[in-house]
Every structure is written in C-alpha cells, then in structure tokens.
Amino acid sequence: MKQYLDAAEIRFDRYEDIFAKYKLTQAARFLKHFRSGSGAEVGFTLKEARNFEPIRSAESGNREQFETGAFLAKANRNKKNNEILRKLKDGDKPVDMVDHYEYIQRPDRSVRTALSSGPKSYLSFGNTHIRSTATFTVWRVGNIIHYLGTVTHKLNDPFD
C-alpha cells in the first residue's frame, strides 16, 4: 500500500510543477493547499473570483433563476414567496423576503464543459457549489412590484 501512496505523491509533485510551468498558478496553488491537509479556507476578491468561468456561470445561472422565477412569482420550489407576490396589493405594507438558488458543478462534468472552461478553471476547482441568497423587500405601486435588496454568493469548493 505504501508504494501506491508514494507513487501518488510523486505524481502530484509533478502536477504542481507542470501547473506552475504552464502558468496555471491558481491550479498549482490550490493543489498545494489541498495536499497540505490544513483545511483552511482560501479567499478571493470579487475580481479574482470572476476570473473563473465556473464562478461566472454559477452567478449568471442563479441570477437567471431569480429573474425568471423568484421575482416573477414562478419559483418552482418556493411556493410561499410566490403567494406573497401574487397577493401583494397596491398600498400594502412592504414585505421582507428571502430566497436562494444553488449551482453545483461536480468534477465529473463533461469533457465539453471542461474544454469550454479552460485549464485554469478546470484544474483549479473540484466540486463547485455556489449558493446565492437574495434578501429583499417588495412593495407594489399600481401594476409594478418594486424590489430592493441584495444577492450574496458563497462559494464552497473542497477541491477533492
């Protein structure tokens, strides 16, 4: 068994070197971090995060779910919010609401997805899970429902 672990360690050492050689710095960084076994979180600025296609896809997909589902009272999984929006009348007191969508892209994604995201993204992430949470207040004026709030995105990717 030890011989297999030793062989795997040598292989991963080579991967780190190859990633660094081809300027896949995030992939090299994440592999090294994963191999350290520390379990510590890795942080990104918004600008850094949006350099990765899986993160952009998740953000876009979740935004589309809010715009075509939650904000139009057509969310398949949130019947309570749908009812609140449908029953909202002109002049009613503003209502606070919360909704969320989850984007998950596992490492077993198709070759086409791997190729379209490019090696920087594909080699940097393992199990991309982004939870987007919308916290907003709604009110109605005439035929228009107004929304005011924020959407936050939280990335979890154990890179394993």
Legend entry - A20 to A28 - nearest heavy-atom pair and separation: N-CB, 4.1 Å
Inset, instruction - Might you point out which heavy atoms bring I130 and H153 nearest each other, and give the distance in Å? - result: CG2-CB, 4.1 Å
Legend entry - Residues that R63 engages under salt bridge (Lys or Arg N to Asp or Glu O under 4.0 Å), provided they are two or more places apart: none
Legend entry - Residues in ring pair (Phe, Tyr, Trp, His ring centres under 6.0 Å) contact with H33, at least two apart in sequence or another chain: none
Legend entry - Nearest atoms (heavy-atom pairs only) where R56 meets R50: NH1-O, 2.9 Å
Inset, instruction - Would you please name every residue forming a ring pair (Phe, Tyr, Trp, His ring centres under 6.0 Å) with Y103, sequence neighbours left out? - result: none
Legend entry - Rounded distance [0.5 Å steps], NE2 in H100 versus OG in S132: 10.0 Å
Legend entry - Co-members of M97 in a cluster of I, L, V, M, F, W and Y side chains, linked at under 4.5 Å: F66, F71, I84, L85, L88, V95, Y101, F136, V138, I145, Y147, V151
Inset, instruction - Could you grab the distance from atom CG of N78 to atom CD of Q65, nearest 0.5 Å is fine? - result: 12.5 Å
Inset, instruction - Apply the test salt bridge (charged side-chain N to carboxylate O under 4.0 Å, His left out) to residues D17 and K21: give CA-CA distance (whole Å), side-chain angles for both, the deciding distance (0.1 Å), then the verdict. - result: CA-CA 6 Å; D17 294 341; K21 177 182 176 182; over 6 Å; no
Inset, instruction - Any chance you could pull the hydrophobic cluster mates of I144, using side-chain heavy atoms under 4.5 angstrom and chaining through other members? - result: none
Inset, instruction - May I have all residue pairs that pass side-chain hydrogen bond (donor to acceptor under 3.5 Å, both in side chains) and include part of residues 81-96, sequence neighbours excluded? - result: D96-T137
Inset, instruction - Decide yes or no for V141 and H146: does some side-chain heavy atom of the first lie under 4.5 Å from some side-chain heavy atom of the second? - result: yes
Inset, instruction - Locate the shortest heavy-atom distance separating K32 from E16; write the atom from each residue and the value. - result: CA-OE2, 3.6 Å
